[in-house]
There are 2 protein chains.
Amino acid sequence: MKKTIFTFAALVLAILALFQLSKYSIIAGDTSIETVIAIIAVIFFIIGIVINKRVLHKKKTPTQEINYQKIEELGLSKREYEVLCQIAMGLSNKEIAQKLFVSESTIKTHVSNMLVKLDAKRRTQAIQIAKQLQIIPL
Amino acid sequence: MKKTIFTFAALVLAILALFQLSKYSIIAGDTSIETVIAIIAVIFFIIGIVINKRVLHKKKTPTQEINYQKIEELGLSKREYEVLCQIAMGLSNKEIAQKLFVSESTIKTHVSNMLVKLDAKRRTQAIQIAKQLQIIPL
DNA sequence: ACAGCATTCATACTAAAGTATGAAATTTAG
DNA sequence: CTAAATTTCATACTTTAGTATGAATGCTGT
């Protein structure tokens with residue numbers, strides 16, 4: 001954060017200095033107005049690009065947003081969605097049952113209902129569809 | 001493409017007009033040099049940001065690079081890798097067999113060998129591991 | 001209170017996935 | 001050319017996945 005403030009301050013000072021320099025150059029008559037304007041234009045053009053790049057780089061966290069609205073549209077219940085996520089993690093029904101502290105048959109019920117709602121024939125297809133619909137993280 | 005050329009031409013004309021305008025304003029004496037420079041600076045700053053945004057937007061194709069070296073490290077054969085990709089697409093063994101014009105038992109063999117090499121217990125886990133290793137597209 | 005939904009579980013069944021083993025044909029690299 | 005690896009396929013078997021049905025419990029909104 002300190003670095004950001006320092007950089008910003010330095011930038012402002014540099015710009016002010018540039019302004020003064022350009023003014024004196026024009027008054028002194030050894031530089032045309034067009035040249036000064038062109039230089040200023042190029043410099044700020046570059047500054048614009050650099051700052052934009054910085055900003056975009058900051059939010060370069062490809063955290064795939066989850067489409068919660070889609071989950072509701074599909075009518076997926078909380079439990080069904082939990083099971084779907086565990087399936088995507090590569091767990092078996094038995095493992096999911098242990099993780100969620102329920103019986104395997106319960107998981108089977110959830111899986112079966114979830115498959116119908118996602119219009120999938122297999123759990124692997126459910127994973128594929130869920131990723132496409134962006135309802136589970138990549 | 002025509003739109004790009006037209007936009008670019010319009011931009012250049014606008015800039016030239018701006019230059020002339022600023023020159024006359026200064027000569028006429030009803031605008032200070034500082035003001036003109038400031039306006040130019042802001043305009044080019046914005047132009048820089050806009051152009052940068054356009055360029056970055058073009059290559060906004062997050063085409064996940066596939067780590068082919070990793071595939072070799074794992075000792076996955078061409079066929080095993082093909083099968084892995086089809087599994088990730090959500091296909092069953094039977095469907096994969098039809099797609100690759102071989103018998104289902106052949107696919108089973110490939111799957112079994114692939115699972116060992118990926119150190120996975122199930123095909124869903126294989127998908128998960130393969131994504132982590134970036135050997136299949138997201 | 002009660003209808004509706006989600007969650008839980010069981011049993012019984014079918015289908016798909018995965019393992020093990022053996023073997024033949026093909027490709028590839030030395 | 002030969003050895004090693006790949007690809008192919010089959011059979012038999014075990015395990016996991018998925019379907020169908022029925023039922024009990026608990027929560028929620030009207």
Side-chain angles (χ1 to χ4, degrees), chain A residues 66-133 135-136, chain B residues 66-133 135-136:
Chain A
I66 292 173
N67 193 344
Y68 292 104
Q69 200 203 319
K70 198 83 197 177
I71 298 174
E72 283 200 14
E73 275 178 38
L74 293 168
L76 280 179
S77 74
K78 196 188 291 182
R79 238 16 183 172
E80 284 160 3
Y81 179 67
E82 280 184 280
V83 170
L84 173 60
C85 290
Q86 296 304 315
I87 285 175
M89 297 293 288
L91 300 190
S92 69
N93 289 340
K94 197 178 289 181
E95 287 170 338
I96 297 172
Q98 290 176 314
K99 202 164 188 175
L100 300 185
F101 304 107
V102 292
S103 77
E104 191 184 342
S105 63
T106 302
I107 300 299
K108 282 189 177 185
T109 306
H110 290 322
V111 171
S112 215
N113 293 330
M114 177 271 289
L115 288 179
V116 173
K117 290 175 183 176
L118 278 190
D119 193 28
K121 288 179 195 136
R122 287 164 289 284
R123 48 172 54 212
T124 50
Q125 199 180 3
I127 295 173
Q128 218 267 328
I129 292 171
K131 302 216 176 202
Q132 211 121 60
L133 297 177
I135 60 179
I136 54 175
Chain B
I66 292 173
N67 193 345
Y68 291 105
Q69 199 204 317
K70 197 84 195 173
I71 297 174
E72 282 199 15
E73 275 178 38
L74 293 166
L76 279 179
S77 74
K78 195 187 292 181
R79 236 17 182 174
E80 285 160 1
Y81 179 68
E82 280 184 280
V83 171
L84 172 61
C85 289
Q86 297 305 314
I87 287 175
M89 296 293 287
L91 300 190
S92 68
N93 288 339
K94 197 178 289 182
E95 287 171 337
I96 297 171
Q98 290 176 315
K99 202 164 188 176
L100 301 184
F101 304 107
V102 293
S103 77
E104 192 185 341
S105 63
T106 302
I107 300 300
K108 282 190 178 184
T109 306
H110 289 323
V111 171
S112 215
N113 292 331
M114 177 272 289
L115 289 178
V116 172
K117 289 174 184 176
L118 277 191
D119 194 27
K121 286 180 196 138
R122 286 163 291 283
R123 47 171 54 212
T124 49
Q125 198 181 4
I127 294 173
Q128 218 266 330
I129 292 171
K131 301 217 178 204
Q132 212 121 59
L133 297 177
I135 60 179
I136 56 175

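Below, read A as the first sequence line, B as the second, and so on, with proteins coming before strands; counting in each chain starts at 1.
Rounded to an integer number of Å, the gap from CG of B:Asn93 to C1' of D:dA17 is 12 Å. Across the protein-nucleic acid pair, A:Ile107 atom CD1 and C:dA10 atom C1' stand 15 Å apart, rounded to whole Å. The NE2 atom of B:His110 sits 15 Å away from the P atom of C:dT19 (whole-angstrom rounding). In this structure, B:Lys94 places its NZ atom 16 Å from P of D:dC9, rounding to the nearest Å. Remark: P of D:dT16 and CD1 of A:Ile87 are 15 Å apart, rounded to the nearest angstrom. Taking atom CD on A:Glu80 and atom P on C:dT8, their separation rounds to 11 Å, with Å as the unit. Between the NZ atom of A:Lys108 and the P atom of D:dT21 there is a distance of 16 Å, given to the nearest Å. The distance from atom CG of B:Leu100 to atom C1' of D:dC9 is 15 Å, rounded to the nearest whole Å.
Comparing D:dA17, D:dT8, C:dA10 by their closest approach to the side chain of B:Thr106 singles out D:dT8. Ranking C:dA6, C:dG18, D:dT8 by closeness to the B:Val102 side chain, first place goes to D:dT8.
Note on B:Ser103: only backbone sugar-phosphate atoms sit closer than 4.0 angstrom, heavy atoms only; bases stay farther off. B:Ser105 comes within 4.0 angstrom of a nucleotide base, judged by non-hydrogen atoms across all strands.
Each of B:Leu91 and B:Lys78 was matched to the nucleotide of DNA chain C holding its nearest heavy atom; the match closer to the 5' end belongs to B:Leu91.
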Can I get a per-line list of side-chain donor-acceptor pairs under 3.5 Å for residues 125-132 of chain A, giving both atom names and the distance, sequence neighbours left out?
from     : atom 1 : to       : atom 2 : distance (Å)
A:Gln125 : OE1    : A:Lys121 : N      : 2.9

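Taking a 4.0 Å limit (strictly below) on heavy-atom distances, residues 113-132 of chain A reaches DNA chain D at A:Leu115, A:Arg122, A:Arg123.
At the phosphate of D:dT19, OP1 or OP2 sits under 4.0 Å from a side-chain N or O atom of A:Ser112. Side-chain N/O atoms of B:Ser77 include one lying less than 4.0 angstrom from OP1 or OP2 on D:dT7.
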